[in-house]
Amino acid sequence: MKEKYYLTTTLPYVNADPHIGFALEMIQADALVRYERLLGKEVVFNTGTDEHGLKIHRKAEEMGIDTQDYCDQYAARFHSLRELLNLSYTNFIRTTDPHHKQAAQEFWKRCDANGDIYKKNYQVKYCVGCELEKTDSELVDGKCPLHIKYDIELIEEENYFFRFSAFQEKLLQLYSERPDFVVPAHRLDEIRKFVEGGLQDFSISRLKEKMPWGVPVPGDDTHVMYVWFDALVNYISTLGWPEDEENFRAYWPGVQVAGKDNLRQQSAMWQAMLLSAGLESSKQIFIHGFITSEGQKMSKSLGNVVNPVDVVEKYGTDPVRFYLLGALPSYEDGDFSTRRFEEFYTAHLVNGLGNLTSRILTMIEKYSDGKIPEKSEDIFDVRAFWGRYDKSFGKFSFDEVVRELNSFVAKCDAKISEEKPWEKAKNGESIDALLYVLVESLRHLAIAFFPLLPESAENILKSLHISHEQIQGEQARAWGVLAKGNEVTKGEILFKRLES
RNA sequence: CGCGGGAUAGAGCAAUUGGCAGCUCGUCGGGCCCAUAACCCGAAGGUUCCCGGUUCGAGUCCGGGUCCCGCAACCA
């Protein structure tokens, strides 16, 4: 039976269009699961949309449409990223799905049965000017920056609370037992510090009369769940929890990919919730950074927001995937700049992989009659290459994976220059040994590039007449798979040169 | 003394446990003609933010300082 692998992204909130930062998360997640599939694993890859809460409800009201219709529209927009970015997710969960709501309620009941949910007065900070509830971080010197003349009013309201404070010890234990629970390590340090500083119980419900757009609290029809509580449960409800126990057991615990703004929610709150419900902790949490635009924070007012749809239309899906995975530091914030994008694209895809592919296939055509020559020795040590490749993927270091790949391409180019096959061919010397090394290396490269550039890699494989089934498992990584006499077809140019 | 990240060649980034400071792009010089005017070789370019300490040896460890950037809890 195939080994199982489960990975989920966070669910974007449907109050804005997808931005490049979310595209990064999706692409990282997609590269990971494609990599795991190469290893021969059976994968569940989950994403979806988070659709409850006050902001959504209010926005739909403003637009004068039904809230569910509003959510449907946005969910469709996020779902369209699948094609745009060539994503291979298997599940797309929406928190308004009936099954998810039932699961969230069941989850609540378990935490409640465990004594971790209780009622308490909650002070809401309210700005009369905005007619909105405010959070502390929205206030400046305790006042609403938009309405300094009014004092913030405190409204008391009874809410359900989650006993977060009870899980401090257990969370710290989890962090110390599993040093790679959160990657990169400095994020684990960050969350540990936070938990060590003491935890406060948090509110997990809202009064239904004020905010009806949420999952009803079991046994109390005057409250709905606060979005966080319901949304986090999607990571397991998508697996059919609670009733499909077999599927849940097969895939949970899973790997979670999230942005640095989600560190607490994923690695502390959600973990505490799981502990409370008596479920296993997540397997691992990978935290990525944010993307700046031309060196500045993206913001609507600066007008420098990068829209993934625009860049994909301009450059294509694979180049965008390649830039996001390879040109940004995997553990930190990174910058999206047009100049750098074009440099990176030209250097590594056009001049690198694309040109090398063209070189090799042409030489096979010219000097070997379009057929694979006799098998020869592996001079590049592909086994060691795969070792480094696995190691880099294992630590979510996508930039390192890309560096490995680029350096393999460079080695091939250097070897060609060194051997000067065109000269030898003229002198009547056999160059079959070199040609085999090159074309077999190209096969390895195509497989290794596949998780990052699925479409381009597929094109190379097509040229080599290698089928999709032949790229999985250990046997695909062996040296000498291409058999003598098999045809090779030179295809279209892989990466077009940018016009300057 | 709220928490955390960062500062390394013109730009963007790397440097397992301390051990000759590297990579990509760009610049300059040469080579090559299989390839998408691509590719290869060589060169120039660094006081690793500053001050002090530990050490045979510090980008890396310790102390102090400066400057950027996130977060600061119910803001997805």
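What's counted below: heavy atoms across the whole structure, side chains too, no hydrogens, waters or symmetry copies.
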request  = Give Leu494(A) one of three labels, base, sugar-phosphate or nothing, depending on what nucleic acid heavy atoms sit under 4.0 Å from its own.
outcome  = base
Of the listed nucleotides C74(B), A38(B), C25(B), the one nearest the side chain of Arg206(A) = C74(B)
inquiry  = For the P atoms, the ones on G57(B) and on G4(B), what distance do you get once it is rounded to whole angstrom?
reply    = 31 Å
query = Phosphate oxygens OP1/OP2 of U24(B): is one of them under 4.0 Å from a side-chain N or O of Asn406(A)?
reply = no
message = Under 3.5 Å for both donor-acceptor distances, Watson-Crick or wobble: does U17(B) have a partner, and if so which one?
response = none
inquiry  = Say we look at G53(B) and A14(B): how far apart would their C1' atoms be, to the nearest angstrom?
reply    = 28 Å
Leu275(A) CG to Glu169(A) CD distance, which is reported to the nearest 0.5 Å = 12.5 Å
query = Closer than 4.0 Å, any side-chain N/O of Lys420(A) to the OP1 or OP2 of C40(B)?
reply = no
key: Whole-angstrom distance between A11(B) and U47(B), as gauged at atom P   = 12 Å
inquiry  = Using whole Å, what does the distance between atom C1' of nucleotide C74(B) and atom CG of Asp201(A) come to?
reply    = 11 Å
inquiry  = Under 3.5 Å for both donor-acceptor distances, Watson-Crick or wobble: does A43(B) have a partner, and if so which one?
reply    = U27(B)
message = What's the closest nucleotide to the side chain of Lys366(A) if the choices are C40(B), A35(B), U36(B)?
response = A35(B)
query = Between A76(B), C34(B), G5(B), which nucleotide has the shortest distance from any of its atoms to the side chain of Arg359(A)?
reply = C34(B)
note = Among the nucleotides C33(B), C40(B), C74(B), whichever has the atom closest to the side chain of Asp413(A) is C40(B)
Rounded P spacing from A21(B) to U60(B) in Å = 13 Å
message = Looking at Ser203(A), is its backbone amide N or carbonyl O close enough to the side chain of Asn159(A) to form a donor-acceptor pair, meaning the two atoms are under 3.5 Å apart?
response = no
Restricting both atoms to N or O, compile the protein contacts to nucleotides 10-12 of chain B shorter than 3.5 Å, with distance only.
residue, atom, partner, partner atom, Å
A11(B), O2', Arg339(A), NH2, 3.4
G12(B), O2', Arg340(A), NH1, 3.0
G12(B), O2', Arg340(A), NH2, 3.2

key: Sugar-phosphate only, base, or nothing, as touched by Asn351(A) at under 4.0 Å among non-hydrogen atoms   = sugar-phosphate
message = Rounded to whole Å, how long is the line connecting atom CZ of Arg264(A) with atom P of G70(B)?
response = 16 Å
inquiry  = Treating Gln28(A) as the side-chain partner and His288(A) as the backbone partner, does any N or O pair qualify as donor plus acceptor under 3.5 Å?
reply    = no
inquiry  = Mind checking if Ser203(A) touches a base, just sugar-phosphate, or nothing, with heavy atoms under 4.0 Å?
reply    = base
query = What is the distance from NZ of Lys260(A) to P of A76(B), rounded to the nearest Å?
reply = 17 Å
Heavy atoms from other residues, nucleotides or ligands near CD of Glu455(A) exceed 12 (cutoff 6.0 Å) = no
inquiry  = What is the separation between atom OH on Tyr331(A) and atom C1' on A14(B), rounded to the nearest whole Å?
reply    = 13 Å
query = Can you find a pair of side-chain heavy atoms, one from Leu353(A) and one from His348(A), that are under 4.5 Å apart?
reply = no
remark   = Side-chain atoms of Pro329(A) come closest, of A14(B), A38(B), C25(B), to A14(B)
inquiry  = Taking only side-chain N and O atoms of Lys55(A), does any of them lie within less than 4.0 angstrom of OP1 or OP2 on A76(B)?
reply    = yes
ask   = When the P atoms of C41(B) and G26(B) are considered, how many whole Å apart are they?
value = 15 Å
ask   = Taking the side chain from Arg443(A) and the backbone from Leu464(A), do they hold a donor-acceptor pair closer than 3.5 Å?
value = no
Spatial distance of atom NZ (Lys395(A)) from atom CG (Asp390(A)) [nearest 0.5 Å] = 12.5 Å
query = Starting at CG of Leu438(A) and ending at P of C40(B), how long is that distance when rounded to a whole Å?
reply = 13 Å
ask   = Looking across every strand, which nucleic acid part, if any, lies under 4.0 Å from Tyr367(A) by heavy atom: base, sugar-phosphate, or nothing?
value = sugar-phosphate
ask   = Counting only heavy atoms not in Arg383(A), do more than 12 fall under 6.0 Å of its CZ?
value = no
message = Can you tell me how far apart OH (Tyr345(A)) and OH (Tyr315(A)) are? Round to the nearest 0.5 Å.
response = 10.0 Å
query = Roughly how far apart, to the nearest Å, are C1(B) and G65(B) at atom C1'?
reply = 15 Å
Trace of the ring-ring contact (aromatic ring centres under 6.0 Å, His included) decision for Phe164(A) with Trp270(A) = CA-CA 10 Å; Phe164(A) 196 27; Trp270(A) 170 232; over 10 Å; no
task = Let me know the distance between CG of Leu232(A) and P of A73(B), rounded to the nearest Å.
result = 18 Å
request  = For U24(B), take OP1 and OP2 only and decide whether either is under 4.0 Å from a side-chain N or O of Arg403(A).
outcome  = no
key: Assigned partner base of G70(B), Watson-Crick or wobble definition, under 3.5 Å   = C3(B)
query = Which part of the nucleic acid does Ala258(A) contact within heavy-atom distance under 4.0 Å: base, sugar-phosphate only, or nothing?
reply = nothing
ask   = Nearest nucleotide by nearest heavy atom, which residue falls closer to the 5' end of RNA chain B, Arg187(A) or Gln266(A)?
value = Arg187(A)
query = For Tyr13(A) and A76(B), what is the distance between atoms OH and C1' respectively, to the nearest whole Å?
reply = 8 Å
Inter-nucleotide P distance (A9(B), C34(B)), Å rounded = 40 Å
key: Given U36(B), G4(B), A76(B), the nucleotide with the shortest approach to the side chain of Glu190(A)   = G4(B)
query = Cut-off 3.5 Å, side chains only: do Asn234(A) and Arg94(A) have a donor facing an acceptor?
reply = no
request  = Return the nearest nucleotide to the side chain of Trp422(A); candidates are A73(B), C34(B), U36(B).
outcome  = C34(B)
ask   = Counting side-chain heavy atoms from C-beta on, which of A35(B), G4(B), C41(B) comes nearest to Lys193(A)?
value = G4(B)
ask   = Whole-Å distance between A14(B) C1' and Glu332(A) CD?
value = 13 Å
query = When you compare A58(B) with G10(B), how far apart are their C1' atoms, in angstrom units rounded to a whole number?
reply = 27 Å
request  = Kindly state whether the pair Phe202(A) / C74(B) counts as stacked, where counting means centroids closer than 5.5 Å and planes tilted less than 30° apart.
outcome  = no
ask   = Of the nucleotides U36(B), A76(B), G5(B), which one has an atom closest to the side chain of Asn15(A)?
value = A76(B)
message = Quick check: on RNA chain B, is the nucleotide nearest Gly352(A) upstream (toward 5') of the one nearest Leu349(A), or the reverse? Name the residue that is more 5'.
response = Leu349(A)
note = Across every strand shown, the nucleotide meeting Watson-Crick or G-U wobble geometry with G63(B) (both distances under 3.5 Å) is C51(B)
key: Per His348(A) side chain, nearest of listed nucleotides U24(B), A76(B), C39(B)   = U24(B)
